[in-house]
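Predicted model, so just to flag it, every value in this text is computed and none were measured. Order of the sequence lines fixes the chain letters, A, B, ..., with proteins taken first and strands second; residue numbering starts at 1 for each chain.
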Amino acid sequence: MLKRENRLTKRKEFNYVYRKGSKLNFGQITIYSIKSKFAFPRFGISVNNKVGNAVLRNKIKRRLRSILCEYVEKIMHKNIIVVAHNEVIDLDYQSLKQLVYKAFSKGKIINEINS
RNA sequence: GUAGCUAGUUAGGCGGUCGAAUUUGCAUUUUGCAAAUUAGGAAAGUCCGAGCACAGCAGGGCAGGGUGCAAGAUAACGUCUUGUGGAGGCGACUCCAAGGAUAGUGCAACAGAAAUACACCGCCAUAUAUGUUAGAACUUUUGUGUUUUUUGAUAUUAAUUAUCAUACCUCCUAUUUUUUCGCAAAGGUCAUGUAUAUGGUAAGGAUGGAAAGGUGAUUUAAGAGAUCACCGGUAUCGCAGAGAUGUGAUAUGCUAUGUAAACCCCACCUUGUGCAAGACAAGGGAACAACAAGAGUUGCCCACUCGUUCCCGAUAUACGUCGCUUGAAUGUUUUAGUAAUAAAACAUCUAGAUAGAUGACCGUCCUUUGACAGAACUCGGCUUACAGGCUAGUCUACAAGG
RNA sequence: GCAGGUGUAGUUUAAUGGUAGAACUCGUGCUUCCCAAGCAUGCAGCGAGGGUUCGAUUCCCUUCACUUGCU
């Protein structure tokens, strides 16, 4: 799981990222990202209110958290928000994992480490 | 055995890897390690009722809102229990917002003579006019005249009717049967018939959810609870019961249908806002206005209280800490009570986050993928959703056997 | 989380408890050499389930969906 340091906690931070960050849309998932001064990444997760139940929404959040946990040491100097949309319900854990990997590699978030 | 009824219970188990929150302890102050705990029966809907907090410590009056059989339970309730009355079921049993319709007002489409109560048709009496005493009227029989008579289609209608086609191709004549109306003759009844006016009557008059207690008789000019019998209703009294009410007797011939989940009347309850409530830490300066306007704490009135905005000031419409979980608590036993529930004893501490933890993945077993569903101040209910599994009953019905 | 509001035809809307009315759209016909406009005509509806009532879009209860404010 993510530690408290690696989360976006305040409403202002969320708004800052939403306004000024770069946006990438992948249908089931959108990703907002922006540079930050911290050495470690900070993640925020938000699930649309129209997705299923409260139970389903919680489940999606937990899965996303466990996936993002793997990227904590690979990414530097970033604030990232992952927004899940209505079609996420049909996805498994594995396909979600692949989708997040695809999104991060396309958005040049992981490649910065290599370069 | 099958089908039910009632009451309750459970809500996948085990193992491995990687992780989150809170508390406690130890080491240490960048933090680390260990242990314990970590979502439901509905956490849901927010439909009721309370606690708690603030406001003037909860003022007066009106309006508004809610509830509505009795007694009891409860902190309180629109909840629960046991009864009463009614409805359903063969039954165990289940369901019911179940006060008042002579306090008043409103509404009741269409249909129907008429919709809350009169009028009309009808029946009857009286008065006037007129007809008839050997036939007006009523009734029976006979004769005679006129109209109609089968089938299908179309249009229309409440019924009917109209048109067209068809039959025996058409027309004419005669006979028989049935129905309606008219005429004539004969027999019977026996004093009234018709019209108009006045009065009586509510038996009958196609409808409708509802037509003024129902059925049958007596009486009457005709009728009518006017009278009687049975059934139903209402009131009083007695008895039983804590009461709703039940039951017996007597009286009343019963005067006004339904709707109050229409307004309303009666009885009882009701201040408002909701933890984004609120508490903690500090105030200072400037501008504008003036006892009016405006604001506060509710729809209105009375009463009462109060200036507003901006800037600075510990990031100050924020953030932090508290509120926050020991509580009308949970479990077991006993006692009281038909029961809801209450009392006592013993034992226990059982989520408390703040972008929001309570998990992710894998393996394995079972009914093979485990339904409905995620705490956000806390309780008591109600309502709604829900795959299955399990337990109990001197429980019920049917079938079979003893 | 707390407090409200609204659901009527494909769309925008109206309504006293007595069987729902308009406008635009859509279909058909007339008109025109053809289209548009115009005229005539038709189809299509009370979010869902119960209750009260003789009768419910309307009154009451439950439920579903959408939506507003506080942030």
How many whole angstroms separate atom [atom1] of [X] from atom [atom2] of [N]?
X       : N      : atom1 : atom2 : value
A:Ile60 : B:C361 : CD1   : P     : 12 Å
A:Lys97 : B:C18  : NZ    : C1'   : 11 Å
A:Ile81 : B:A355 : CD1   : P     : 13 Å
A:Lys61 : B:A21  : NZ    : P     : 16 Å
A:Leu64 : B:G359 : CG    : P     : 17 Å

With [atom1] as the reference atom in both, quote the distance from [N] to [M] in angstrom, rounded to an integer.
N      : M      : atom1 : value
B:C324 : B:A351 : C1'   : 11 Å
C:A56  : C:C24  : C1'   : 30 Å
B:G214 : B:A224 : P     : 12 Å
B:A63  : B:C265 : P     : 9 Å
B:A256 : B:C118 : P     : 9 Å
B:C319 : B:C306 : P     : 33 Å
B:G200 : B:A222 : C1'   : 8 Å

Item to check | B:G25: syn or anti, per glycosidic angle within 90° of 0 | outcome: anti
Checklist entry - What form does the base of B:U157 take, syn (within 90° of 0) or anti? => result anti
Partner nucleotide of [N] by Watson-Crick or wobble geometry (both distances under 3.5 Å):
N      : result
B:A50  : B:U378
B:A240 : B:U245
B:U259 : B:G106
B:A184 : B:U142
C:U41  : C:G27
B:G307 : B:C288

